[in-house]
There are 2 protein chains.
Amino acid sequence: MTHKIDESKHFMQNRTKPNARGGRPRKFDEAEALGKMQRQLWSTGLSGVSLDGIARSAGLNRPSLAAAFGDKDAIYAKAASEYAAMMDARLSQALEADDLRLALKAAFDTAIDIYTADGADGCFVICTAPAEAHTNPVCQTILEQSLEAIDALFLKRLEKERLLPGAMPVDLASLSSLLGSTLNSLALRARAGWSQTKLKALSDGAVDQVMTILGGSSSSRDPG
Amino acid sequence: MTHKIDESKHFMQNRTKPNARGGRPRKFDEAEALGKMQRQLWSTGLSGVSLDGIARSAGLNRPSLAAAFGDKDAIYAKAASEYAAMMDARLSQALEADDLRLALKAAFDTAIDIYTADGADGCFVICTAPAEAHTNPVCQTILEQSLEAIDALFLKRLEKERLLPGAMPVDLASLSSLLGSTLNSLALRARAGWSQTKLKALSDGAVDQVMTILGGSSSSRDPG
DNA sequence: TCTATTTTGTGCGTCATTGTACAAAACATA
DNA sequence: TATGTTTTGTACAATGACGCACAAAATAGA
């Protein structure tokens with residue numbers, strides 16, 4: 001819930017009124033089509049594919065796509081919004097574990113699974129929005145909000161620890177940013193082709209370091 | 001020196017032979033033109049600008065640009081290569097300081113200065129290459145090499161500490177990745193519009209955490 | 001069956017982008 | 001001055017991307 005992007009913008013509105021009263025039925029499922037377009041945009045970026053290409057990837061022709069979803073910006077905004085909500089839900093769930101170390105590892109494992117599924121596209125937002133953030137307000141907005149949301153997600157989880165007995169007076173905001181930065185970087189490294197193994201090694205290392213700072217089990221000692 | 005991209009590719013070659021024997025002199029300085037094109041690509045990304053736009057930004061017309069630098073991929077490759085070499089030099093120099101904390105802070109401050117100069121474009125590579133990494137081999141290559149190079153830069157510096165008396169047996173590779181990830185994330189956050197102040201707060205926190213792990217001065221305690 | 005409504009798919013016109021050809025211009029050398 | 005060489009800038013052609021118009025198709029309701 002923390003990073004829903006504003007859907008009140010002009011570019012978000014649907015032009016069609018499905019199931020009003022009568023009319024020819026659609027030959028496509030809206031959610032399924034959006035999913036396919038999301039995958040396409042995820043892989044190529046916003047400027048890397050034309051409306052023709054997006055329409056082909058979704059299995060419908062351009063006029064139908066325009067009528068149902070609007071122009072390219074609107075499609076990207078919908079796809080990005082859906083992605084952000086999905087990530088928020090998955091990460092929040094993973095972070096619910098009682099044991100902090102397990103919670104953090106679960107969150108990173110979840111992210112890595114998403115970043116490396118179906119090829120290795122990394123994070124939809126982190127890997128496609130920055131390039132056009134200065135020329136496209138949609139990209140700018142989704143990037144800002146996602147970066148903030150990730151840090152906030154970790155901070156919220158870390159603050160549960162502050163209530164526990166024996167907690168150290170550590171700068172949790174700084175630690176949250178460190179964890180958020182690690183997640184951001186995992187997205188980039190996945191896009192660059194890193195294996196799941198390497199990505200998990202990196203995130204495990206980061207979790208170990210953070211646990212060390214939080215005053216504890218020193219599994220961050222040099223293995224070799 | 002660690003992340004020079006391969007210039008032997010076909011798309012890297014110049015088509016012209018300046019100053020061979022005679023011929024009309026150029027009206028532009030090659031390095032200066034490349035710098036202007038680099039700024040343009042940095043801001044808009046590769047697909048975010050046309051060859052016309054690049055030519056205008058460099059102050060020369062499209063045929064001259066094509067003759068001197070090749071197509072858009074070749075121009076991007078040159079700009080990215082030059083950027084990577086510049087970053088490598090600046091960061092290496094900053095990391096030369098004897099005191100580790102000061103060296104790390106200097107490196108991050110240098111990066112932040114670059115990331116926030118002339119607008120707030122973040123890192124040329126981190127912010128423009130990922131989007132097209134899967135559709136453009138040039139972007140794929142420069143992204144891979146830059147990510148590796150940044151980690152390597154930090155690792156090289158950290159390993160100097162291992163030689164000092166009283167050094168802890170910490171996993172330096174993991175710490176290097178943590179520092180590299182922080183730098184990657186700073187690039188993204190700068191692109192998203194974060195102020196120098198916020199960026200420096202984040203990097204200072206990361207440095208403090210790392211110094212804490214390396215066994216020492218605990219300035220990472222919660223200020224509030 | 002008839003009407004209203006909505007989607008579908010083809011097709012057209014326009015504009016942007018790219019590559020390249022060509023003549024003129026500006027230089028070095030003999 | 002004459003020749004060869006290289007860059008410049010205009011121009012043209014081919015392709016791609018985009019928006020929209022339009023008729024046909026497919027439904028609900030009267």
Side-chain angles (χ1 to χ4, degrees), chain A residues 10-34 36-37 40-41 43-78 131-132 135-136 138, chain B residues 10-34 36-37 40-41 44-79 131-132 135-136 138:
Chain A
H10 62 92
F11 47 75
M12 294 292 297
Q13 65 202 356
N14 272 6
R15 278 110 179 240
T16 56
K17 308 166 185 171
N19 296 340
R21 46 187 182 284
R24 180 172 177 168
R26 283 184 171 167
K27 295 181 67 176
F28 64 94
D29 178 67
E30 188 161 326
E32 183 185 354
L34 186 58
K36 290 178 180 175
M37 295 189 289
Q40 173 69 38
L41 288 167
S43 169
T44 61
L46 180 51
S47 294
V49 63
S50 67
L51 270 180
D52 276 305
I54 295 176
R56 266 195 305 274
S57 73
L60 41 88
N61 52 24
R62 199 151 40 81
S64 292
L65 181 141
F69 298 97
D71 62 11
K72 211 158 77 160
D73 276 4
I75 295 171
Y76 182 88
K78 283 203 182 72
E132 329 205 19
T135 51
N136 192 321
V138 179
Chain B
H10 63 93
F11 47 75
M12 293 294 298
Q13 66 201 355
N14 270 8
R15 278 110 180 238
T16 55
K17 308 166 185 173
N19 295 339
R21 47 187 181 285
R24 179 172 177 168
R26 284 182 170 168
K27 294 181 69 175
F28 65 93
D29 178 66
E30 188 160 326
E32 183 185 354
L34 186 59
K36 290 178 179 173
M37 296 190 288
Q40 174 69 38
L41 289 168
T44 61
L46 180 51
S47 294
V49 63
S50 67
L51 270 179
D52 274 308
I54 295 176
R56 267 196 302 274
S57 73
L60 41 90
N61 52 24
R62 200 150 40 79
S64 293
L65 180 143
F69 297 97
D71 62 12
K72 212 158 77 161
D73 277 4
I75 295 171
Y76 182 87
K78 283 202 180 71
E132 329 206 17
T135 51
N136 193 321
V138 180

Next item on the list: For B:Arg56 and C:dA16, give me the distance from atom CZ to atom C1', rounded to whole Å.
Entry: 11 Å

Next item on the list: Using atom CD1 of B:Ile54 as one end and atom P of C:dT17 as the other, report the distance to the nearest whole Å.
Entry: 11 Å

Next item on the list: Could you tell me whether the side chain of A:Val138 reaches within less than 4.5 Å of the side chain of A:Leu46, counting heavy atoms only?
Entry: no

Notebook entry, point to check: So which one's nearest nucleotide on DNA chain C is more toward 5', B:Ser50 or B:Pro25?
Noted result: B:Ser50

Notebook entry, point to check: Just to confirm, is there a sub-4.0 Å distance from OP1 or OP2 of C:dA25 to any side-chain nitrogen or oxygen of B:Arg24?
Noted result: no

Next item on the list: Could you check if a side-chain atom of A:Glu132 sits within less than 4.5 angstrom of a side-chain atom of B:Thr44, using non-hydrogen atoms only?
Entry: no

Check: Nearest-Å distance, CZ (A:Phe28) to C1' (C:dG9)?
Finding: 13 Å

Next item on the list: Using whole Å, report how far CZ of B:Phe69 lies from C1' of C:dG19.
Entry: 18 Å

Check: Do the side-chain N or O atoms of A:Lys27 get closer than 4.0 angstrom to the phosphate oxygens (OP1, OP2) of C:dG9?
Finding: yes

Check: Distance check: side-chain N/O of B:Asn61 vs OP1/OP2 of D:dT8, anything under 4.0 Å?
Finding: no

Notebook entry, point to check: Starting at CZ of A:Arg26 and ending at C1' of C:dT6, how long is that distance when rounded to a whole Å?
Noted result: 9 Å

Notebook entry, point to check: Looking only at side-chain N and O atoms, does A:Ser64 come under 4.0 Å of OP1 or OP2 in C:dT8?
Noted result: yes

Note to self: Minimum heavy-atom separation for B:Ala74 and B:Phe69, please, with both atom names.
What the structure shows: CB-O, 3.3 Å

Check: Roughly, in whole Å, what's the span from CG in A:Leu60 to P in C:dT7?
Finding: 12 Å

Notebook entry, point to check: Would you say the side chain of A:Arg62 and the base of D:dG19 hold a donor-acceptor pair, judged only by whether the two atoms sit under 3.5 Å apart?
Noted result: yes

Notebook entry, point to check: Expressed in angstrom and rounded to an integer, what is the separation of B:Lys72 atom NZ from C:dG19 atom C1'?
Noted result: 14 Å

Next item on the list: Measure from CG on B:Leu51 to P on D:dT15 and round the result to the nearest Å.
Entry: 18 Å

Next item on the list: Can you figure out which of D:dC20, D:dC18, C:dA21 approaches the side chain of B:Pro63 most closely?
Entry: C:dA21

Checklist line | Minimal non-hydrogen separation, B:Ala58 against B:Met37, with atom names | finding: CB-CG, 3.6 Å

Check: Side chains of A:Asp29 and A:Leu34: closer than 4.5 Å at any heavy-atom pair?
Finding: no

Checklist line | Residue mapping more 5' on DNA chain D - nearest nucleotide basis, B:Leu65 or B:Gly23 | finding: B:Gly23

